[in-house]
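For the single chain, residues carry numbers from 1 onward in sequence order. For clarity, every value in this text was computed on a predicted model and none was experimentally measured.
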Amino acid sequence: MGSTSENNGSTGFGRRDLIRRSAALGLISVPTMSFLAACASSGGGGGEKAESGKKTAKNPLAVNDTALMEFVLFDGGFGKEYAEDAVKIYEKDFPKAKVKFSATQKIQSTLQPRFNQGTPPDLIDNSGAEQMDMGVLVGKKQLTDLTPLLDAPSYDDPAKKVRDTLRPGIVEMGQFDGDPVWIMYYAYTVYGVWYSQKALDSLDAAYPETWDQMLAVCEKAKKKGIAGWTYAGKYPYYIPFSLYPMIGKVGGREVLDAIDNLEPKAWEHPAVKTCFEAYYELYKKGYVLQGTPGLDHIQSQTAWAQGKALFIPNGSWVENEAANVIPADFGLAVSAPTGIDSSDKMPFGTIWASGGEPFIVPARAKNAAGGMEQLRIMLSEASSKNFTAKVKSLTAYNGGTDGITLTPGLKSGVAALDKAGENVVNPRLQDWYVQLQKEKIGVSGLGEMMAGRLTPAEAVKRIQGYADEAAKDPSIKHYKHQ
């Protein structure tokens, strides 16, 4: 769900390369509540791998044109139609091949046994509440290096490699250690504070840039029977979508890097304490929608769309996921997080944006070339345009918007990225340490604090303890910004 320095061919993700004022956004499905420790066992049998096909200009990955290709998609906010459309292209290109396509919200429970048995699918959209732990999969060598895909000719132009058609930062996000690329993030996401421009206008209020202004707007809303905030109380790891970039804004990128690196006392930085206290103030002053800790992501989004709360921390998938409840005149918009005041290290507009919707090809896939070819098709201009038109999000493909009318949320996200310029952060905890980020920091730390069961000081102490445990755990592969 991060920030880094320049990528030097090792761990991490080149932030300065990430968004050179690129105007893009998309969806990332919410990561896992489960750890997948068992999923990465190296045992298991598995069937025989498909023999390579003939390498040609139209088949640069040498796909076996008669082999079965199995594709399992996360059935989330994007739906499955965009993937089914891309599968039809694969079937047209390889008419003798059979494609087994399925969609599920239970990625881990469905696929963990198959990883253990050595019989995983060829392509997986590893997303959702049951997302498999990416750091574990990489650390246990369960994934195929996607470099052959990136170095293959693009689907549209044989003179261009696939890697040369992607948005800045996408390749680096898929790297964990060194040059191999283990993940292809297909979508592009803007995280932040989502709101209704119509609701703000009704209060004669502008989006608040300082925390005093935020409290004033929330007080004005409260007097009209509207809560200032709501969030996915059952999945409080949504809170960092606005809280983490706020921490980066207040204390600088280096604070987020230290947190990602599991450095001692990283969570005790004054910027973290200040931002925790600011969010806790929302609870203390009664600005959080009553009952929020018991709401899931759909329920909180619905309450927000119904005008019961002004603000919600979320990602740009919300426009599609909540399309059936967002009124036509809602004026959907996203902003970078509100800061504290003029003493913040980074300017207002500092936002979190990054690749999302992680696709992987398992190391033991029978038809890895087929899985990569399906991704090559999806990274074409036509498939990218189809995705954007259908789900209101952009892809990793650097383009694909010609002739498409931008929806309100998409247009607002583009404007937010333009305003951010170089001030884009990308915390990596959500891809490096899924269990730590979701179950511990999210549920047991931030969730408890926002429900009033922990003070900010207690939350900081608890979360630092969790981070220290993870840093010392020899069973966890550790990653650092380079």
Determine whether Glu321 and Ile298 make a side-chain contact, defined as any pair of heavy atoms from C-beta on separated by less than 4.5 Å.
yes
With side chain to side chain contact (heavy atoms under 4.5 Å, CB included) as the test, pick out the partner of Ile360 among Gln142, Met132, Met184.
Met132
Within a strict 4.5 Å, meaning less than it, do heavy atoms of the Leu200 and Val217 side chains meet?
yes
Counting only N and O atoms by type, is there a donor-acceptor contact under 3.5 Å from the side chain of Glu319 to the main-chain atoms of Gly409?
yes
Under 3.5 Å donor-acceptor, Asp473 side chain and Ser475 backbone
yes
Does a side-chain heavy-atom distance below 4.5 Å link Leu429 with Asp260?
yes
Tell me, do Trp182 and Met134 make a side-chain contact under 4.5 Å, heavy atoms counted?
no
Does NZ belonging to Lys222 count more than 12 external heavy atoms closer than 6.0 Å?
yes
Counting C-beta onward and ignoring hydrogens, is there a side-chain heavy-atom pair between Leu332 and Ser412 closer than 4.5 Å?
no
Could you grab the distance from atom CD of Glu277 to atom CH2 of Trp211, nearest 0.5 Å is fine?
12.0 Å
If you round to the nearest 0.5 Å, how far is NZ of Lys392 from CG of Leu410?
10.0 Å
In terms of relative ring orientation, are Phe101 and Phe71 parallel, tilted or perpendicular, with 30° and 60° separating the classes?
perpendicular
Verify, without hydrogens or angle tests, whether Asp145 (side chain) and Val181 (backbone) share a donor-acceptor contact under 3.5 angstrom.
yes
Nearest-0.5 Å distance, CG of residue Leu243 to CG of residue Leu446:
6.0 Å
Taking the six-membered ring for Trp and the full ring for Phe, Tyr or His, determine whether the centres of Tyr207 and Phe311 are under 6.0 Å apart.
yes
Between Ala467 and Leu436, the two heavy atoms sitting closest are N-CD1, 4.1 Å
Looking only at atom types and distance, does a side-chain atom of Arg253 sit under 3.5 Å from a main-chain N or O of Val424, one as donor and one as acceptor?
yes
Quick one: CZ on Arg462 to OG1 on Thr455, what's the gap to the nearest 0.5 Å?
10.0 Å
Ring centres under 6.0 Å, that's the criterion: do Trp229 and Tyr279 meet it?
yes
Quick one: closest heavy-atom pair of Ala322 and Gln301, and the distance?
CB-NE2, 4.0 Å
Between Pro245 and Pro240 the two heavy atoms that sit nearest each other are CD-O, 3.4 Å
Taking Thr230 for the side chain and Thr292 for the main chain, is one N or O donor matched with an acceptor at less than 3.5 Å?
no
Is it true that a side-chain atom of Tyr186 and a backbone atom of Asp125 form a donor plus acceptor pair closer than 3.5 Å?
no
Minimum heavy-atom separation for Ala396 to Leu379, with atom names?
CB-CD2, 4.2 Å
Within-4.5 Å side-chain heavy-atom neighbours: Arg167 and Leu394:
yes
Judged by modelled atom types alone, do Thr338 and Gln213 share a side-chain donor-acceptor pair under 3.5 Å?
no
Could you check whether the rings of Trp432 and Tyr479 sit parallel, tilted or perpendicular, using 30° and 60° as the cut-offs?
tilted
Only one of Ile351, Val334, Asn423 passes side chain to side chain contact (heavy atoms under 4.5 Å, CB included) with Leu417; say which it is.
Ile351
Minimum heavy-atom separation for Leu111 and Pro121, please, with both atom names.
CD2-CG, 3.7 Å
Applying ring-ring contact (aromatic ring centres under 6.0 Å, His included), can you list everything that pairs with Tyr82, at least two apart in sequence or on another chain?
Phe387
Within a 6.0 Å radius of atom NZ on Lys390, are there more than 12 heavy atoms belonging to other residues, nucleotides or ligands?
yes
Looking at every heavy atom in both Ala103 and Lys80, which two are closest together, and how far apart are they?
CB-CD, 3.8 Å
Are Glu281 and Tyr283 close enough that some pair of their side-chain heavy atoms sits under 4.5 Å apart?
no
Criterion side-chain contact (heavy atoms from CB on, under 4.5 Å) on Asp431 and Ile183, from CA distance to verdict:
CA-CA 10 Å; Asp431 4 277; Ile183 306 161; 5.7 Å; no
Spell out, as yes or no, whether a donor-acceptor pair under 3.5 Å connects the side chain of Arg376 to the backbone of Val162.
no
Tyr231 meets the ring-ring contact (aromatic ring centres under 6.0 Å, His included) criterion, sequence neighbours left out, with none
Interatomic spacing from NZ in Lys419 to OG in Ser335 - rounded to 0.5 Å
8.0 Å
Do the non-hydrogen side-chain atoms of Lys477 and Phe176 ever get within less than 4.5 Å of each other?
no
Does Asn126 use its side chain to pair, donor to acceptor, with the backbone of Gln131 at less than 3.5 Å?
no
Please check if the distance between the ring centroids of Phe330 and Trp194 is under 6.0 Å.
no
Could you check Tyr433 against His478 for side-chain contact (heavy atoms from CB on, under 4.5 Å), going step by step and ending with a plain yes or no?
CA-CA 8 Å; Tyr433 308 106; His478 299 103; 3.6 Å; yes
Could you give me the CA-CA distance, side-chain angles and deciding distance for Leu454 and Tyr280, then say whether side-chain contact (heavy atoms from CB on, under 4.5 Å) is met?
CA-CA 9 Å; Leu454 288 180; Tyr280 188 69; over 6 Å; no
Would you confirm whether Thr144, through its side chain, and Val361, through its main-chain N or O, come within 3.5 Å as a donor-acceptor pair?
yes
Does any donor atom in the side chain of Asp179 or Gln175 lie under 3.5 Å from an acceptor atom in the other side chain?
no
Value rounded to 0.5 Å, distance of CD1 in Ile312 from CZ in Phe241
10.5 Å
Working note: Leu137 + Phe115, criterion side-chain contact (heavy atoms from CB on, under 4.5 Å); need CA distance, chi angles, decisive distance, verdict.
CA-CA 10 Å; Leu137 289 173; Phe115 269 84; 4.0 Å; yes
Are Asp344 and Lys249 ion-paired here, with the side-chain N under 4.0 Å from a carboxylate O?
yes
Are the side chain of Glu130 and the backbone N or O of Ser109 linked by a donor-acceptor pair below 3.5 Å?
yes
